[in-house]
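Data block below; observations after.
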Amino acid sequence: MGLDLRAPFGEDIELAGFGDLDVLGGQRGDYDFVVEREELIQRLIRRLMTPKGEWIPFPKYGAGLREKVHGVVTANFALSLKAEIFEQISMEPDVIRNPPPVVEFSTIPGGIMVYIKVLTRALQPIDFSFNPRDF
């Protein structure tokens, strides 16, 4: 499948011939879904990495994962961390609560790998994983 994107200097991108990128097979614009998906993932990671209380207008915003992932991962620490991540994800307006988000993580050398699966208000499943030490 070939696709040419054209963006003359100072203008928006034009799509050659199709009107849509058609890469994920959805009913509405697939390009729109990809952009919304990436934006939600970025917002969730930002929320999880921001230390709680750092954003003054929203004192409950943030989980501060960067500061928490350097210690030894014990069973109690794992349960506490999972609860904190779940709570923060559930506060995100575009994530629905039923079914509840899935939060899992595994230990890797020097930290943890976090896996998250959510369902958006548009009923699109989104899953991703990341290492907090990479941010």
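Treat the numbers as computed from the prediction; the structure is a model and nothing was measured.
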Exercise. List, by chain and number, the other hydrophobic cluster members for Met91, where Ile, Leu, Val, Met, Phe, Trp and Tyr join if side-chain heavy atoms come within less than 4.5 Å, directly or indirectly.
Key: none

Quiz item: Cluster partners of Tyr115, using ILVMFWY side-chain heavy atoms under 4.5 angstrom, listed by chain and number?
Solution: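 Val102, all in the cluster of Tyr115.
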
Quiz item: Looking only at heavy atoms, which two atoms of Arg46 and Thr50 are closest? And how far apart?
Solution: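 Where Arg46 meets Thr50 most closely, the heavy atoms are O-OG1, 2.7 Å.
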
Self-check item: Pro132 to Met49 - nearest heavy-atom pair and separation
Solution: O-CE, 3.1 Å

Determine whether [X] and [Y] fall in the same hydrophobic cluster, where Ile, Leu, Val, Met, Phe, Trp and Tyr are linked whenever their side-chain heavy atoms lie under 4.5 Å apart.
X      : Y      : result
Phe128 : Ile89  : yes
Ile96  : Ile116 : no
Leu119 : Leu44  : no
Val103 : Met113 : no

Residues in side-chain contact (heavy atoms from CB on, under 4.5 Å) with [X], at least two apart?
X     : result
Ala78 : Val73, Phe105
Ser80 : none
Leu79 : none
Pro93 : none

Exercise. Enumerate the residue pairs fulfilling ring pair (Phe, Tyr, Trp, His ring centres under 6.0 Å) with a member in residues 48-68, sequence neighbours excluded, ordered by first and then second residue.
Key: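 Every ring pair (Phe, Tyr, Trp, His ring centres under 6.0 Å) pair that includes a residue of residues 48-68, provided the two are not neighbours, is Trp55-Phe58, Trp55-Tyr61.
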
Quiz item: Excluding sequence neighbours, so at least two apart, what forms salt bridge (charged side-chain N to carboxylate O under 4.0 Å, His left out) with Arg43?
Solution: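 For Arg43 the salt bridge (charged side-chain N to carboxylate O under 4.0 Å, His left out) partners, ignoring immediate neighbours, are Glu39, Glu92, Asp94.
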
Quiz prompt | Residues that Asp127 engages under salt bridge (charged side-chain N to carboxylate O under 4.0 Å, His left out), provided they are two or more places apart | solution =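 With neighbours one apart ignored, the set is empty.
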
Side chain proximity check, [X] to [Y], heavy atoms < 4.5 angstrom:
X      : Y      : result
Val95  : Pro101 : yes
Asn131 : Ile108 : yes
Leu48  : Ile85  : yes

Quiz item: Among pairs that include at least one residue of residues 100-126, which meet salt bridge (Lys or Arg N to Asp or Glu O under 4.0 Å), considering only residues two or more places apart or in two chains?
Solution: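 Salt bridge (Lys or Arg N to Asp or Glu O under 4.0 Å) check on residues 100-126 returns no pairs.
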
Quiz item: Do any pairs count as a side-chain hydrogen bond (donor to acceptor under 3.5 Å, both in side chains) and have a residue in residues 81-91, sequence neighbours left out, and if so which ones?
Solution: Arg47-Gln88, Lys52-Glu84

Quiz item: Rounded to the nearest 0.5 Å, how far apart are CD1 of Ile41 and CD of Glu36?
Solution: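 So the CD1 of Ile41 and the CD of Glu36 are separated by 12.0 Å.
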
Exercise. Could you pull out all residues at least two apart from Phe86 that satisfy ring-ring contact (aromatic ring centres under 6.0 Å, His included)?
Key: none

